[in-house]
Amino acid sequence: MLSRPVSIAAPACRRFGSAAASSAAVQPAITQLLINGKFVDATEGKTFATVDPRTEEKVADFQSATKPDVDKAVAAARKAFDEGPWPRMSGQERGQKLSKLADLIMENKERLAKLETLDNGKPLFWSENADIPLSASHLQYHAGWADKIYGETLPHATAQGKFFAYTLKEPVGVAGQIIPWNFPLLMAAWKLGPALATGNTIVLKPSEKTPITALELGKLCLEAGIPEGVVNVVPGIGPEAGEALAAHPDVNKIAFTGSVATAKRIGQVAGIKPITTELGGKSPAIVFPDCDIDHAVDQVHFGLFFNHGQCCCASSRIFVHESIYDEFVEKSVAKAKARTVGDPFNEVDQGPQVDQLQFDRIMNYIESGKEAGLNLAVGGARAADKGYFVQPTIFIDVPDDAKLQKEEIFGPVMGITKWSDEAEVLRRANDTNFGLAASIFSQNIHTVTRVSRHIKAGTVWVNCHNIFDNATPFGGYKESGVGREKGKDALNNYLMTKIVTM
């Protein structure tokens, strides 16, 4: 889930670093809710703890929003939209404030990166070189759109052309945004950028697993001159804060990134309002015999193991042509074995999974594969006695109906299988309830264009994986979601079209 016009190549696998945790040298400074420009305690006095995934020890207690807090945040956002300057100021001025926010993120990059790594467990290298700068870049991109939103004049055939019609593009109002834990700051930026550029106000509910950088972002919004009440941040437990936000009658639009089950629940409680969702994936990579095999191995390795496999578009199902299957497997296994797992504040390739729940989920999938008699080629075990570390794991010769091959694992577990017939592999690749992304590896342009038309996915990468740009829309088919993040398409999520006829 990067957001850059070119690939951020993974560093060469490094053989140093250990699971022993070093000092993070940073601690969260904000643990309260941000409502109407003020950091406040939760009304009901509830808190939740975040845990350092390296050590399994508590980092801090955070105020936990419940319905009364959500009500206050929504009321603040409602007043800021109905009465405040944000939707009424020029697009140029909104864009300037978004640009300032992006600058502030970069000015605080080092600290934000350390906080992201502390909260999420991803290597500091990636927090510094991907998550934080790409968050700033995304906001900067949407700052450029803020003064380029306009309607159209339309020909009117009624009554012999005696009428004139034009459209207005207006902000939808109060947006409730619920974001996940795998890219905490970047997902907040993906949501805030288009919503703020189009003049909406926001109540943001970050994951209770990773609230730290969302709260820091709220503080930076105020420093950037975004008026009080425009951005409110309410960390809390999903069934309490998230459900209250989705069901609130004064929220005009919901944007959600997370699981299919939660998206279905949001749909049940939200009522009649626009909902956009970016959900799971079980992305196939189809490797043709004419590919550059070393390049294909590198790309699918990065596509799966980046962010510890905690990516919705991870290349988790690898279909390799039978003529190159053995070589591909051999090189993939060697690459996984060379991968170092350890403290993300050291120079390692992979840190811990985000928390105990996710660790247990991944290990249960691995055990289910073992119990089913699947061919485990590498990994398959815990990587340290302490911390949520999982060995990079590859199963080979995986049947299509295996649980590992059908369900999203969201961890460092790859399944490789072989194919012989193109029509057959297309059917197998599309045989999933997901349709977020896919990749094709071939040197033949005819193969690439033919196969890309038949893949049922919102993103198709060719001879690459996990390549994003701020301008490229991202979203899925089927149960991978509704709507598109990023690019010009994301603006439409937060706009209403009004027709005026005179």
Pair [X]-[Y], side-chain donor/acceptor within less than 3.5 Å:
{"X": "T43", "Y": "D69", "value": "yes"}
{"X": "T117", "Y": "S127", "value": "yes"}
{"X": "E44", "Y": "T66", "value": "yes"}
{"X": "T432", "Y": "K456", "value": "no"}
{"X": "T167", "Y": "K498", "value": "no"}

Where [X] and [Y] come nearest, the two heavy atoms and their spacing:
{"X": "F319", "Y": "V425", "answer": "CB-CG2, 3.6 Å"}
{"X": "L404", "Y": "K282", "answer": "O-NZ, 2.8 Å"}
{"X": "V260", "Y": "E479", "answer": "CG2-O, 3.5 Å"}
{"X": "A241", "Y": "G236", "answer": "CB-CA, 3.9 Å"}
{"X": "S64", "Y": "A42", "answer": "O-CB, 3.3 Å"}
{"X": "L436", "Y": "G281", "answer": "CB-CA, 4.3 Å"}

Going from [atom1] on [X] to [atom2] on [Y], what distance comes out if it is rounded to the nearest 0.5 angstrom?
{"X": "I416", "Y": "S315", "atom1": "CD1", "atom2": "OG", "value": "9.5 Å"}
{"X": "L101", "Y": "L196", "atom1": "CG", "atom2": "CG", "value": "8.0 Å"}
{"X": "L104", "Y": "L222", "atom1": "CG", "atom2": "CG", "value": "11.0 Å"}
{"X": "T210", "Y": "D119", "atom1": "OG1", "atom2": "CG", "value": "5.5 Å"}
{"X": "N430", "Y": "I455", "atom1": "CG", "atom2": "CD1", "value": "5.0 Å"}
{"X": "I179", "Y": "F256", "atom1": "CD1", "atom2": "CZ", "value": "11.0 Å"}

Do the side chains of [Y] and [X] get nearer than 4.5 Å, heavy atoms only?
{"X": "P274", "Y": "Y494", "result": "no"}
{"X": "N200", "Y": "V174", "result": "no"}
{"X": "F474", "Y": "T459", "result": "yes"}
{"X": "P28", "Y": "L118", "result": "yes"}
{"X": "Q356", "Y": "Y388", "result": "yes"}
{"X": "K273", "Y": "N252", "result": "no"}
{"X": "S259", "Y": "T262", "result": "yes"}
{"X": "K97", "Y": "M89", "result": "yes"}

Check: F306 ring centroid to W126 ring centroid under 6.0 Å:
yes
Looking at W419 versus F288, is the centre-to-centre ring distance below 6.0 Å?
yes
Does the pair [X]/[Y] count as a salt bridge with the N-to-O cut at 4.0 Å?
{"X": "R111", "Y": "E216", "answer": "yes"}
{"X": "K191", "Y": "E485", "answer": "yes"}
{"X": "E240", "Y": "K46", "answer": "yes"}
{"X": "E228", "Y": "K38", "answer": "yes"}
{"X": "D401", "Y": "K406", "answer": "no"}

So for atom [atom1], which belongs to [X], do other residues, nucleotides or ligands contribute more than 12 heavy atoms lying within a distance under 6.0 Å?
{"X": "K148", "atom1": "NZ", "result": "yes"}
{"X": "M496", "atom1": "CE", "result": "no"}
{"X": "K67", "atom1": "NZ", "result": "no"}
{"X": "K219", "atom1": "NZ", "result": "no"}
{"X": "E152", "atom1": "CD", "result": "no"}

Backbone N or O of [Y] within a donor-acceptor pair of the [X] side chain at under 3.5 Å?
{"X": "R88", "Y": "G84", "value": "yes"}
{"X": "N120", "Y": "W181", "value": "yes"}
{"X": "H308", "Y": "Q310", "value": "no"}
{"X": "S207", "Y": "P180", "value": "no"}
{"X": "R94", "Y": "A197", "value": "yes"}
{"X": "R317", "Y": "R428", "value": "yes"}
{"X": "E116", "Y": "L185", "value": "yes"}
{"X": "S137", "Y": "P133", "value": "no"}
{"X": "H454", "Y": "R450", "value": "yes"}
{"X": "N463", "Y": "S442", "value": "yes"}

For the pair K114 and E128, evaluate salt bridge (Lys or Arg N to Asp or Glu O under 4.0 Å) and give the outcome as yes or no after the intermediate values.
CA-CA 8 Å; K114 290 178 179 178; E128 290 179 335; over 6 Å; no
Does T497 form a side-chain contact (heavy atoms from CB on, under 4.5 Å) with K169? I'd like the steps, not just the answer.
CA-CA 5 Å; T497 300; K169 292 291 186 179; 2.7 Å; yes
Under the side-chain hydrogen bond (donor to acceptor under 3.5 Å, both in side chains) test against Y365, which residue among K403, E407, E408 passes?
E407
Aromatic ring pairing F164/Y166, orientation class (parallel under 30°, perpendicular over 60°, tilted between)
tilted
Geometric cation-pi criterion K488 and W145, 6.0 Å radius, 45° cone
no
Would Q140 and D103 satisfy side-chain contact (heavy atoms from CB on, under 4.5 Å), going step by step from the backbone distance to the final call?
CA-CA 8 Å; Q140 194 72 257; D103 291 342; 3.8 Å; yes
